[in-house]
A.B. asks: 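Dumping the structure here so I can ask a few things about it.
Just the heavy atoms: all of them, side chains too, but no hydrogens, waters or symmetry mates, feed the values below. Residue numbers begin at 1 in each chain, while the letters A, B, ... track the order of the sequences.
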Amino acid sequence: MSSDNQDTETHSEQVDETQESQDTNSNPVRSEEAKLKAKYPSLGQKPGGSDFLMKRLQKGQKYFDSGDYNMAKAKMKNKQLPAAAGPDKNIVTGDHIPTPQDLPQRKSSLVTSKLAG
Amino acid sequence: MMAGVGGGNDFQWCFSQVKGAIDEDVAEADIISTVEFNYSGELLATGDKGGRVVIFQREQESKNRPPSRGEYNVYSTFQSHEPEFDYLKSLEIEEKINKIRWLPQQNAAHFLLSTNDKTIKLWKISERDKRAEGYNLKDEDGRLRDPFRITSLRVPVLMPMDLMVEASPRRIFANAHTYHINSISVNSDYETYLSADDLRINLWHLEITDRSFNIVDIKPANMEELTEVITAAECHPHQCNVFVYSSSKGTIRLCDMRAAALCDRHSKFFEEPEDPSSRSFFSEIISSISDVKFSHSGRYMMTRDYLSVKVWDLNMENRPVETYQVHEYLRSKLCSLYENDCIFDKFECCWNGSDSAIMTGSYNNFFRMFDRNTRRDITLEASRENSKPRAMLKPRKVCTGGKRKKDEISVDSLDFNKKILHTAWHPKENVIAVAATNNLYIFQDKIN
């Protein structure tokens, strides 16, 4: 009978839905994963790949190429070195060779630790 | 009330001291990056992101005061490392002290190793409480005396002076690591030590700075094939030929230096089989081991991954013998913890002196202790709100859903900026040091 069939179908649908919500409840990690994938669809499948690890290995990298810098110094033997800081009409971003003076100077803490205070 | 953690029956953790500034504005340099007791527990060293080391010394117990143990006061402080820039590799070298390890005391002076990402230094801390007076060739204020005016000789005499504690760098072990040093460990032979970076482990002799032996190298010929990195390493406490190292994939390898000069092939491989149905994007990240520590007995080792602490029997490689959940409720927060990078936080763990209890940190300035015998666990908080002398610490509880009881805190209210990554347990007594960002808390048990 059609009404019986409908009931059966509805029942099985309900069962499916219950199972799905149970899966999400019993595995919160899955729903977290879904959330992440929804936010960042381009995220790769394996987070442990070499790109990811290599980024980790390169912590602390700053843009300064000693090769570029030395070649620029050599080329400009007769001319002046590029200005250390500040906007310069003649230098286009991207062609600008950073000099050691461009890099933010990091000074050690001259202050005594507050733990010792 | 789960108060009996730590090896005693009537046992209660109490506030003892807190060091550091109270102000809300925390300077980056003041963030504590390592905490370590020495072998006797008399000295407690901290390192910070500003490259400074502060050493505290326990004062002698006074019979007059109520039966609380001695307090830790500043003994010495010095600048261990300074920031550097490697122009050739375009690499900024932070001065942050990653690890401090004490050497066992062999004479009146104390020695420790401190390391940043690239350079390890051996520091000698010595006391001076006498000075010589009555020199022949110079006055008391240091001015040279006119030799023609000297008519008689005298023997200089040692006179007492105010105690001066001096720290001097005795050895500098540099240029041996291409990648960032994550661990140092003194060997039980008291002559050698190991240093580990992301891909390599080196063995040093404490007297020799211009040479180091590479004992593990997991760098692939083609960096595209890189699948895991070394996260921590430690020497066995008694067997000077044995050490372990952990990886970002949640595995631990035990190596025997008698077997080969290059220990790329492990002697033992510890890995817990993964439940395939629970595999997710986060699986590998949260399985990454952030710390590995041998028990004092040398029979067990403990590993810390993002959500749990595991105790392994060195004789059983296929699974840990004990697993303790640190903050399981974070499973439902992994997405946001990935976004704010907290999922990469590296928590440390430590044993108590008798190996009966273990401790590790969490968020919201909470830290957790597990009693291996009673299986009881407790969550405590390092907070200035509970910092009256000898105030008992109240256990904390995180509410995971549903009705929040009074005094419980909900997962959403946790402060993920207040992380306790570094803790240390006195080698003999129930005294613990907990680093909460820029503050150092010391807790002791209350003797009933």
A.B. asks: Answer whether the closest heavy-atom distance between the side chains of A:L115 and B:I32 falls below 4.5 Å.
C.D. replies: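 Counting from C-beta outward, A:L115 and B:I32 do come under 4.5 Å.
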
A.B. asks: Specify which of B:D197, B:N438, B:V74 makes the most heavy-atom pairs with chain A at under 4.5 Å.
C.D. replies: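 That would be B:V74.
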
A.B. asks: As a test of understanding, state which of B:R331, B:E328, B:K333 forms a side chain to side chain contact (heavy atoms under 4.5 Å, CB included) with A:P28.
C.D. replies: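 Among the candidates, only B:R331 passes.
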
A.B. asks: Go through the atoms of B:F56 and report whether side chain, backbone, both or neither lie under 4.5 Å from a heavy atom of chain A.
C.D. replies: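 The side chain, not the backbone.
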
A.B. asks: What pairs with B:F416 under ring pair (Phe, Tyr, Trp, His ring centres under 6.0 Å), at least two apart in sequence or on another chain?
C.D. replies: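 If we apply the ring pair (Phe, Tyr, Trp, His ring centres under 6.0 Å) test to B:F416, skipping adjacent residues, the hits are B:Y363.
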
A.B. asks: If you count heavy-atom pairs within less than 4.5 Å of chain A, which of B:V229, B:L440, B:T46 leads?
C.D. replies: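 Most heavy-atom pairs within the cutoff with chain A belong to B:V229.
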
A.B. asks: Which bit of B:S332 is near chain A, if near means a heavy-atom gap under 4.5 Å: side chain, backbone, both or neither?
C.D. replies: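 Both the backbone and the side chain of B:S332 come within 4.5 Å of chain A.
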
A.B. asks: Check for a donor-acceptor pair, side chain of A:E33 on one end and backbone N or O of B:S280 on the other, with a separation under 3.5 Å.
C.D. replies: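 Looks like no, no N/O pair under 3.5 Å.
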
A.B. asks: Using a 4.5 Å cut-off on heavy atoms from C-beta on, say whether the side chain of A:L57 contacts that of B:L199.
C.D. replies: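 Touching, per the 4.5 Å side-chain cut-off.
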
A.B. asks: Of the backbone (N, CA, C, O) and the side chain (C-beta and beyond), which part of B:F78 lies under 4.5 Å from a heavy atom of chain A, both, or neither?
C.D. replies: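 Neither part.
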
A.B. asks: Working to the nearest 0.5 Å, report the span between NZ of A:K114 and CG of B:D48.
C.D. replies: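 CG of B:D48 is found 10.5 Å from NZ of A:K114.
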
A.B. asks: To the nearest 0.5 Å, tell me how far B:Q79 CD sits from A:T112 OG1.
C.D. replies: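 Separation between the atoms: 9.5 Å.
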
A.B. asks: Counting only non-hydrogen atoms closer than 4.5 Å, does B:D117 touch chain A with its backbone (N, CA, C, O), its side chain (CB onward), both, or neither?
C.D. replies: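 For B:D117, side-chain heavy atoms alone lie under 4.5 Å from chain A.
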
A.B. asks: Checking heavy atoms, do the side chain of B:S76, its backbone, both or neither come under 4.5 Å from chain A?
C.D. replies: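 It is neither, since no heavy atom gets under 4.5 Å.
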
A.B. asks: Indicate whether the side chain of A:Y40 and that of B:E339 have a donor and an acceptor atom separated by less than 3.5 Å.
C.D. replies: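 Yes, side-chain donor-acceptor contact under 3.5 Å.
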
A.B. asks: Indicate the atoms forming the closest heavy-atom contact of B:S336 with A:E32, along with that distance.
C.D. replies: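 Shortest heavy-atom contact: N-OE1, 4.1 Å.
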
A.B. asks: Are the side chain of B:R52 and the backbone of A:V111 linked by a donor-acceptor contact shorter than 3.5 Å?
C.D. replies: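 Between the backbone of A:V111 and the side chain of B:R52 there is a qualifying donor-acceptor contact (under 3.5 Å).
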
A.B. asks: Contact between A:V29 and B:S278 at the side-chain level, heavy atoms closer than 4.5 Å - yes or no?
C.D. replies: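 A side-chain contact under 4.5 Å is absent here.
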
A.B. asks: Given 3.5 Å as the limit, does a donor-acceptor pair link the side chain of A:R30 with the main chain of B:R279, or not?
C.D. replies: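 Indeed, once roles are kept as given, a pair shorter than 3.5 Å links the two residues.
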
A.B. asks: At a heavy-atom distance under 4.5 Å, which candidate from B:I286, B:I55, B:T178, B:D198 has the highest pair count against chain A?
C.D. replies: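 If we count pairs closer than 4.5 Å to chain A, B:D198 comes out on top.
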
A.B. asks: Within a 6.0 Å radius of atom CG on B:N175, are there more than 12 heavy atoms belonging to other residues, nucleotides or ligands?
C.D. replies: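 At most 12 heavy atoms, drawn from other residues, nucleotides or ligands, come within 6.0 Å of this atom.
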
A.B. asks: Restricting to side-chain contact (heavy atoms from CB on, under 4.5 Å), what partner residues turn up for B:A174, sequence neighbours left out?
C.D. replies: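 If we apply the side-chain contact (heavy atoms from CB on, under 4.5 Å) test to B:A174, skipping adjacent residues, the hits are B:T119, B:I172.
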
